[in-house]
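Everything below concerns the one structure shown next.
Both counts, for ligands and for their atoms, begin at 1 and track the order of listing. Sequence positions, counted from 1, serve as the residue numbers for this chain.
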Amino acid sequence: MKTGAPSALPHQHVDIMWKKQKISFMPKRTKMNRRKFVASTSALLAATQFPSLQAQEITAKADQLAVNGGERAVKTPISKLTRWGQEEAKQLASIISQDSLFYWKGPQTTLLTKRFQEHYPFKHVMPCSSGTAALHIAVAAAGIKPGDEIITAPITDMGTVIGAIFQQAVPVFADLEPNTYNLDPADVERRITPKTKAIIAVHLAGNPCRLNELKTICTRHKLILIEDCAQAWGAKYRGQPIGTIGDIACFSLQQSKHITTGDGGIVATNNDKFGPLLQLFGDKGFDRVNPKAPTEFFGTNYRMSELQAAFGAAQMLRVEGIAETRSKLGQLLTSEIADIRGITSPEVSQKDRCTFWLYMLRVTPENLKCDRAEFVKALQAEGVACSAGYISELIHEKPIFQKHSFFNGSWPVKEAGLTNMDYTKIKCPEASQMLTTFVRIQLHEGMNESYIREVATAIRKVARHFAG
Ligand SMILES: *Cc1c(COP(=O)(O)O)cnc(C)c1O
């Protein structure tokens, strides 16, 4: 991993921001006027005259929580995140001279696909309308049938399972590992039944799942491995891009993700059986390569438009820089807070690259005299952009799952006897505990190392204050 100057990043907007910081830093050092100089030297003199008193006051002030009127630990302002610029403007301008905004007739989806393939060497790529669409296409192309079971994570976006449910498949939720927040392969294997046909591995917050173990399980039980990479753009597993280890990869380009087209997605595979079906399912079963072919595959319309693709093609130029910066900042935060009592930091394998869509740590209530809400409130007062929790309940704890009422109050596969799934009986104790202990720290490529170090100081300060 590169640790050199941030300006070496190929990622233009970060470059500019780092440069801005340099510019605003320099004059401070060179322009110290006489009055300030006298003030600072007399303060220094005073300090040497009353060293212990001064030192005590300083420590007391630094230790006092900002929420109780103390000094804020975070002083570096969070830079405004500039997510688009000239590349996007250029691409959008070029679209005006196109006479079609339809994906099959314009160059933008082709360019997006080409740039995507430079990072992700997939043979079959289908740009589509959302990450949810990508996952629906994946499940359909994988040949999942009504009543088939798909094992996945209970802490994720609903989009992970929406497609499965529409295909009349049955999502099965396995428990997660306490420190990676990803599927626990042993628990996945325990939940396999003769009906299990696939696993959807969600790389939560950009941290790669244990893909070798999951892949071994898939081989052993003849399952298809679908990777939900919506939160993991640029992440790597043992040096390989996330998505390229399983059978089908799904990405989201929704606004909150590393790169975006507002809404959008990409689904891709190297499997020649599934490959052509991606396009067919996302394009009403219409074969664009062989338009005379009879419609044999039923599908929906999940096409991406040229407008989205133009933006996406430009965003693809940023993905590596964003991934690099986020990975570096996330690792820095972990190394700064790893020893703090009262919290645990997310575990990332040294062999992998996590691209920190978010930075999620956990409080350990048994080591703290406060609850999570109080902890988070104190952290926020210190100037840390953070919030308590992630999603409010596990996916299968949502009322629609608890009542099995997906389709106008009913669930055809259950009524037809194709499944006896009862979501009220599913237990994922580790995942449940995560939801009550997660603290979500904002992390993005517009931030810099001094901010992250101050975040670490704030966490240490708050944890020490509440140490129990
Ligand atoms: C965002 C997200 C999705 C769904 O993507 P959309 O583009 O919002 O439909 C699916 N899975 C995960 C893990 C996500 O974070």
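Looking at T132 against ligand 1, both its backbone and its side chain come within 4.0 Å, counting heavy atoms. With a 4.0 Å cut-off on non-hydrogen atoms, S130 touches ligand 1 through its backbone as well as its side chain.
Short contacts between ligand 1 and V202, defined as distances under 4.0 Å to a heavy atom of the residue, involve ligand atoms 13 (C). Residue-ligand proximity, G131 to ligand 1, at heavy-atom distances under 4.0 Å covers atoms 5 (O), 6 (P), 7 (O), 9 (O). Atoms of ligand 1 found under 4.0 Å from any heavy atom of T156 (numbered from 1 in listed order, with element): 13 (C). If you number the atoms of ligand 1 from 1 as listed, the ones under 4.0 Å from a heavy atom of Q254 come out as 7 (O), 8 (O). Atoms of ligand 1 found under 4.0 Å from any heavy atom of S252 (numbered from 1 in listed order, with element): 5 (O), 6 (P), 7 (O).
The closest side-chain donor-acceptor pair between T424 and D422 falls under 3.5 angstrom. Residues S450 and N448 have side chains that bring a donor and an acceptor to within less than 3.5 angstrom of each other.
The protein non-hydrogen atom at the shortest distance from atom 1 (C) of ligand 1 is K257 NZ, 1.5 Å. Summary of contacts: the protein heavy atom closest to atom 10 (C) of ligand 1 is D228 OD2, 3.6 Å. The nearest heavy-atom contact from the protein to atom 15 (O) of ligand 1 is Q231 NE2, 2.8 Å.
Residue contacts with ligand 1: L253 is placed with no nitrogen or oxygen under 3.5 Å of a nitrogen or oxygen of the ligand (distance criterion only).
Annotation: side chain of W233 is in contact with side chain of L253 (closest heavy-atom distance under 4.5 Å). In this structure, P171 and I150 have side chains that are not in contact, with every pair of non-hydrogen atoms separated by 4.5 Å or more.
Between F298 and F281, the ring centre distance reaches or exceeds 6.0 Å. Aromatic rings of H396 and F173 (six-membered ring for Trp) have centroids within the 6.0 Å cut-off, being under it. Aromatic ring centres of F286 and W104 lie farther apart than the 6.0 Å criterion allows.
Geometric assessment of K257 against the ring of W357 yields a positive cation-pi assignment under the 6.0 Å and 45° thresholds.
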